[in-house]
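Reviewing the structure listed below.
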Amino acid sequence: MLLVVAATERELVSVEGGRTAVCGIGPVEAAAATARALAEERPDAVLNVGIAGARGLEPLTLVLGSEALYCDASGPLVPARTSPDPDLLARLGNAFPDAVLRPIGTSA
């Protein structure tokens, strides 16, 4: 089962036939809401959709995260960066050959 997550309801309007979750804006809100949705739904995969503050990309560009950078939350309990599962990333790259591979960052 795929869980589609976005900051706002408006970003989920075009999702058809899937489970969705609104995570809110901001790292704490998004983390708490996404964690709750993961615990309740137990999805096989999560797809985060929305504009996510992206600059320099055309609307509707599909971005695959080469890594996640935690710009303002790193410390002894939170890593500064983490990498996706390489097998999952390869499968997604094969399924979506036109997707852009970029680091995905988060900050307050």
Checklist line | L69 vs I104 side-chain heavy atoms within contact, under 4.5 Å | finding: no
Checklist line | E29: salt bridge (charged side-chain N to carboxylate O under 4.0 Å, His left out) partners, not counting sequence neighbours | finding: none
Item checked: Pair listing, salt bridge (Lys or Arg N to Asp or Glu O under 4.0 Å) test, anchored in residues 87-105, at least two apart -> none
Item checked: Test side-chain contact (heavy atoms from CB on, under 4.5 Å) applied to T61 - qualifying residues, sequence neighbours left out -> L57, E58, V63, V100
Pair up each side-chain donor or acceptor in residues 16-24 with any protein partner under 3.5 Å, not counting sequence neighbours, and list the distances.
| unit_1 | atom_1 | unit_2 | atom_2 | d |
| --- | --- | --- | --- | --- |
| R19 | NH1 | E41 | OE1 | 2.6 |

Margin query: Checking E67 now: which residues fulfil side-chain hydrogen bond (donor to acceptor under 3.5 Å, both in side chains) with it, not counting sequence neighbours?
Written below: R81
Note to self: Connecting only ILVMFWY residues whose side-chain heavy atoms lie within less than 4.5 Å of each other, what is the rest of L38's hydrophobic cluster?
What the structure shows: L3, V5, V46
Check: Which other residues belong to the hydrophobic cluster containing L92, where Ile, Leu, Val, Met, Phe, Trp and Tyr are joined when side-chain heavy atoms lie under 4.5 Å apart, directly or via other members?
Finding: L62, L64, L88, L89, F96, L101
Notebook entry, point to check: Looking at G50 and E11, what are the two nearest heavy atoms and their distance?
Noted result: CA-OE2, 3.2 Å
Next item on the list: Apply side-chain contact (heavy atoms from CB on, under 4.5 Å) to A45 and list each qualifying residue two or more places apart in sequence or on a separate chain.
Entry: L2
Checklist line | Nearest non-hydrogen partners of P84 and G65, listed with the distance | finding: CG-O, 3.3 Å
